[in-house]
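Because the structure is predicted, anything quoted here is derived from the model rather than measured. Note: hydrogens, waters and symmetry copies are ignored here, and every other heavy atom, side chains too, is used.
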Amino acid sequence: MKEKYPFQEIEPKWQAFWHERKHFHVNTASPENKYYCLMMFPYPSGTLHVGHGRNYIIGDAVARYKMMRGKRVLTPMGWDAFGLPAENAAIKTGTHPRTHTLENIARMKDQLSAWGCGYDWDREVTSCLPDYYTWTQWLFLKFHEHDLAYKGRAPVNWCPSCATVLANEQVVDGRCERCETEVDRKELEQWFFRITRYAERLLNDLDTLDGWPERVKAMQRNWIGRSEGTRVEFTLAPRDDEKTDESSVIPCFTTRVDTIYGCTYMVLAPEFPGLETLVKGLPEEQAVLDFVRNARRMNTAERTAEGDKNGVFTGRYVINPYNNERIPLWVGDYVVLEYGTGAVMAVPAHDHRDFAFAKKYDLPIRLSIQNPEQSLRVENMDEAYDGDGIVVDSPPFSGMPNREAIAKMTGYAAEKGFGGAVTQYRLRDWLISRQRYWGAPIPMIHCPACGTVPVPEKDLPVLLPEDAEFRPKGESPLASSESFMNVDCPKCRQPARRESDTMDTFVDSSWYFLRYLSARDDTRAIDTETCDRWMPVDQYIGGIEHAILHLLYARFFTKALYDMGWVHFEEPFARLFTQGMITKRSEKDGLLYKMSKSKGNVVDPAELIREYGADTVRLYTLFIGPPEREAEWSDQGVEGSFRFLRRIWKRVYDHRDLLESARDIRPELDRMNQPERDLYRKTHESIRRITRDLEGAFHFNTAIAQIMELMNAVDESGITADSPEQARAVFREAMETVILLISPFAPHIAEELWTELGHEPGILRASWPEFNEAALYRDEVEIVIQVNGKVRGRVSVSAEADKESLEREALEHEQVQKWIEGRTVRKVVVVPGRLVNIAVS
RNA sequence: GCCCGGGUGGCGGAAUGGCAGACGCAAGGGACUUAAAAUCCCUUAUCCGUAAGGAUGUGCGGGUUCGACUCCCGCCCCGGGCACCA
């Protein structure tokens, strides 16, 4: 055994060992003791920094811990390999994105193994290769077959820099999530997935996900945005010029139907369908058209910025079905088409937006809810009252508490046939078309005669053409490849054109966790039987940035596949853990940032591994703080973790004779003296504590602190090779425990020392230690004595001491006497084994 | 505005309603060394005190309790999500 901790030698050795012994391979034929431990598969950017590493290190620690607890752990890995960066690099350098991507994958695989992370590489999936995207396309066809994929014309988000459309989920504050360019609105024909059909189930089933962070569930609830309200159909008042309208009703959605008698006008969204015909030929027509054109020119950010509200009168009127009142119809830029019906009943007295609009355009304000103080007068109002109260001036509902009136008035609408209760969602259908090259082609064909025709399953995959022009032009690069575009219609055999858009990469990642279970199966996408055995994922680990996007889409896919009968579970991820970001102070401005090249604050793991070893990087990453929270990387902290590992190594080296001599001696509690008992107890306390830290929440930081404490206790024990037999036995057990407990975190050193101690190689196959209840017992305990809640003394007593004797002992304590002298003892609280509190006055 | 988190030493952070600050980092002092590195030992919340000891202290203000970082009520600040969503 080497004296100096030879991390550079042992780490590659054990990595090769795990690989050769296939320690991370698992047979999914039986579900017995299964544990599916999944990490979000990475985009192959080429280089991982220590911030990315947190994800894999946590996952690997969990996998190793569960293996030692006897689970058959599946930890697969793969690559979310389609996407813009590779394509952008291709545009710049001329290298094909595939070449670039595959090189990056090779590099990242090496990085992951250098970290000591083990995976079942036989199940590797790479979403950009035909053996994967064939099945992504197949799933698209299934979705199409079940009316979950459709082509529709709609105003969509267009990123001018990426030259593609984006899903709602990919627009953040009116900007492209990727490149932060302001997003424009465009009206285009695009492919959508009908996720809104699942809104209710996606929302309700969140309640079944006990193993998910509340935060993520809250974000999804917000995003789905369910709100219950009332649909009210207003009748369009006939035109003065007696021309007829296409439709005579304008429905609107409201959550506050109780205020409808205060409705003094109605507002349409500028994009409201049929608006042009509504105003055709009226004196107001030109003003309306100008207003609409202007509103449409604005990008999403400008349009949605709260503040000034603009609008224009249409020259038309609608009838409020509750009181048959004729009210003016306006167009306003604060009404959004996509939500509700694109029409809003305006109640300025009870809605702050309507209030501002009415003030600006001098529209009437009428009270219909009186506050409990009865103090509201329209003349005095300088803001809308949106609180509860009593319905007024609303016959026959006047006098009702407004909450009650909502139900009554909604019922009334249903009864009279002009509306009723409806549930509205904020969630929109998922736009999946992308006008880019590096994605899975949408397997559809446009035939002049037959229309849009799906590619027959037997013709899959629709391969990406090799001769496409990448440079983005607003049209998909695939359109530039004639060999790709020209195809015969599968129905009528006449010349037709392929769909030239590719799929959003979030489609690829919505089902990869199913594919891992049958990654090499070239006959079908999903192996239903194996999925039934091994799904759901027991533990999913990834970044919080996917709280909505990926995690919502994957849930949607699972539910859709459930309905189609391909899987028999509705939720894919039983437990979810989201780790916090690792930040580092920028040397430029001294501020904290997420690690990124542009901020110049990335820490390269390769350098650290060379200098300290992978175990140090792992240990530090896990010790840095609670794993779900953000943490600041500290170079000194790394040093500290290194020192600790080196210290463990040195103890084993220095005491190798002692450890060897104790090989066959079992610790026996009755034969131990006090210091031996203390170390024995500390050992078993540590096992208990650490096991508890790892079950449920992953408290790696406190688990590691506890190992450090145990190590401190080993050093303080003063046991040497000359110590008596029991001392040596206890010492050996303590050191073995340190090695076992640290092995999920620092597996290389643990493997090495484990064999050094004479065990068979392969600590992963060793069992996690169990604590001995008897070891935890103390016969003497220190009791704290408080006077009025303040500690005034402490006393050592037998663990069995009863309340009476503890109270006596406390009252007689010398220091304590000083504090109770001359005062009245009102009460004495005794908590056996802990403290005595004497209340005096 | 609504919904989630969070606020504890110089720093990262610990604490089933029961000794606040485990563990680590940093800092200071010492041992070893010709010297340095490494290692080991000691100190380290704040204030008063030579000390024994005392007072204060977990964002702020109240409350419950023998006892509150922890529970309840009302605020403040920081981070995140949603938002002219009717």
Side-chain angles (χ1 to χ4, degrees), chain A residues 4 172-173 213-225 227 229-230 252-257 259 263 266-267 269 303-310 332-336 338-347 350-354 356-357 386 424-426 544-545 547-548 580 619-620 623-626 628-641 643-644 646-647 650 689 692 699 701-712 715 782-794 815 818 825-831 833-840:
Chain A
K4 288 232 164 98
V172 178
D173 294 330
E214 203 41 58
R215 174 165 67 138
V216 174
K217 289 191 277 187
M219 282 163 80
Q220 292 210 355
R221 280 191 196 104
N222 275 339
W223 188 260
I224 294 168
S227 77
T230 311
C252 72
F253 171 77
T254 178
T255 53
R256 290 296 305 273
V257 71
T259 65
C263 172
M266 177 183 253
V267 196
R303 264 295 291 281
T304 56
E306 199 162 343
D308 200 28
K309 294 163 184 50
N310 303 298
D333 61 2
Y334 73 101
V335 177
V336 295
E338 294 88 348
Y339 189 76
T341 60
V344 170
M345 61 173 233
V347 184
H350 305 295
D351 181 286
H352 75 276
R353 294 152 304 186
D354 299 341
F357 194 82
D386 59 7
Q424 193 65 47
Y425 297 93
R426 212 192 63 91
I544 186 75
E545 65 273 19
I548 299 173
L619 192 70
Y620 175 63
F623 187 57
I624 193 167
E628 69 280 5
R629 251 188 273 170
E630 261 185 32
E632 184 187 343
W633 187 267
S634 141
D635 294 328
Q636 279 109 6
V638 179
E639 192 91 35
S641 294
R643 276 204 291 267
F644 181 61
R646 192 167 52 186
R647 197 170 132 213
K650 194 152 189 316
R689 171 84 205 260
R692 205 172 46 208
H699 295 153
N701 55 330
T702 51
I704 292 165
Q706 185 67 39
I707 300 175
M708 289 170 169
E709 278 193 55
L710 176 55
M711 215 32 226
N712 291 345
D715 283 0
E782 195 185 59
I783 296 286
V784 165
I785 306 166
Q786 297 180 329
V787 178
N788 283 346
K790 289 197 163 63
V791 181
R792 298 302 183 187
R794 40 192 84 225
Q815 284 293 327
K818 288 201 290 190
V825 175
R826 284 190 293 122
K827 191 172 183 181
V828 181
V829 179
V830 182
V831 184
R834 285 207 173 264
L835 56 63
V836 178
N837 190 10
I838 304 163
V840 299

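Under the Watson-Crick and G-U wobble criteria, each requiring two contacts below 3.5 Å, nucleotide U34(B) is left unpaired. Base pairing annotation: C71(B) forms a Watson-Crick or G-U wobble pair with G63(B), both donor-acceptor distances under 3.5 Å. Nucleotide A55(B) has U46(B) as its partner under the Watson-Crick or G-U criteria, with both atom distances under 3.5 Å. Under the Watson-Crick or G-U wobble criterion, with both distances below 3.5 Å, G1(B) is paired with C82(B). For C23(B), the paired nucleotide is G12(B), the pair qualifying as Watson-Crick or G-U wobble because both relevant distances are below 3.5 Å.
Relative to the side chain of V335(A), the nucleotides A86(B), G24(B), A83(B) differ in distance, and A86(B) lies closest. Listed nucleotides A86(B), A22(B), A83(B) differ in distance to R426(A); the shortest reach to its side chain belongs to A83(B). The side chain of F623(A) lies closest to G12(B) when the candidates are A14(B), G81(B), G12(B).
The nearest whole Å value for the distance from the CH2 atom in W223(A) to the C1' atom in C82(B) is 8 Å. Summarising the geometry, the separation between CD on Q636(A) and C1' on A26(B) is reported as 7 Å, rounded to the nearest angstrom. One atom, CZ of F644(A), and another, C1' of C25(B), lie 15 Å apart when rounded to the nearest Å. Taking atom CZ on R221(A) and atom P on A83(B), their separation rounds to 17 Å, with Å as the unit.
Using P as the reference atom, G21(B) and U44(B) are 12 Å apart when rounded to the nearest Å. Spacing between A37(B) and C32(B) at atom C1', rounded to whole Å, works out to 13 Å. Taking atom C1' in both U70(B) and U8(B), one finds a spacing of 12 Å when rounded to whole Å. Separation of the P atoms belonging to G9(B) and A14(B) is 14 Å when rounded to the nearest angstrom. Comparing the same atom, C1', in C60(B) and in C69(B) gives a spacing of 15 Å after rounding to whole Å.
Contact annotation for T702(A): backbone-only contact, meaning every heavy-atom pair under 4.0 Å involves sugar-phosphate atoms and none involves a base. Within 4.0 Å of G225(A), counting heavy atoms only, lies no atom of the nucleic acid at all. At the heavy-atom level, V791(A) lies under 4.0 Å from the strands shown only through sugar-phosphate atoms. Within 4.0 Å of P626(A), counting heavy atoms only, lie sugar-phosphate atoms of the nucleic acid but no base atom.
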Every protein N/O lying under 3.5 Å from an N/O of nucleotides 55-57 of chain B:
residue, atom, partner, partner atom, Å
A55(B), OP1, R792(A), NH2, 3.3
A55(B), OP2, R792(A), NH1, 3.2

Just the atom pairs and distances: protein N or O near nucleotides 66-70 of chain B's N or O, under 3.5 Å.
residue, atom, partner, partner atom, Å
C66(B), OP1, K827(A), NZ, 3.2
C66(B), O2', N837(A), ND2, 3.3
C66(B), O2, N837(A), ND2, 2.7

Give each protein N/O atom lying under 3.5 Å from an N/O atom of nucleotides 36-43 of chain B, with the pair distance.
residue, atom, partner, partner atom, Å
A38(B), O3', R646(A), NH2, 2.8
U39(B), OP1, R646(A), NH2, 2.6

Below 3.5 Å is the cut-off: list the nitrogen or oxygen pairs between protein and nucleotides 2-11 of chain B, distance only.
none

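Atoms CG and CD1, from N222(A) and I548(A) in turn, are 7.5 Å apart once rounded to the nearest 0.5 Å.
Between N788(A) and N837(A), the shortest heavy-atom contact is N-OD1, 3.6 Å. Nearest approach of S227(A) to T255(A), heavy atoms of both residues: OG-CG2, 4.0 Å.
The side-chain heavy atoms of T702(A) and Q706(A), taken from C-beta on, include no pair separated by under 4.5 Å. Annotation: side chain of Q786(A) is in contact with side chain of V791(A) (closest heavy-atom distance under 4.5 Å).
In terms of position on RNA chain B, the residue among T255(A) and R834(A) whose nearest nucleotide sits closer to the 5' end is R834(A).
Ring geometry for F253(A) versus Y339(A): interplanar angle over 60°, hence perpendicular rather than tilted (30 to 60°).
Residues R647(A) and N712(A) have side chains that bring a donor and an acceptor to within less than 3.5 angstrom of each other.
OP1 or OP2 of G24(B) sits under 4.0 Å from a side-chain N or O of N712(A). Remark: N701(A) is in phosphate contact with A14(B), judged by side-chain N or O atoms under 4.0 Å from OP1 or OP2. Between A86(B) and S227(A), a contact under 4.0 Å exists linking OP1 or OP2 to a side-chain N or O.
The glycosidic torsion of G81(B) lies more than 90° away from 0, placing the base in the anti range.
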Chi angles and distances behind the salt bridge (charged side-chain N to carboxylate O under 4.0 Å, His left out) call for R221(A), E214(A):
CA-CA 10 Å; R221(A) 280 191 196 104; E214(A) 203 41 58; 3.4 Å; yes
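Residues passing the ring-ring contact (aromatic ring centres under 6.0 Å, His included) test with Y620(A), sequence neighbours excluded: W633(A). Partners of T254(A) under the side chain to side chain donor-acceptor pair (under 3.5 Å) rule, at least two apart in sequence or in another chain, do not exist in this structure.
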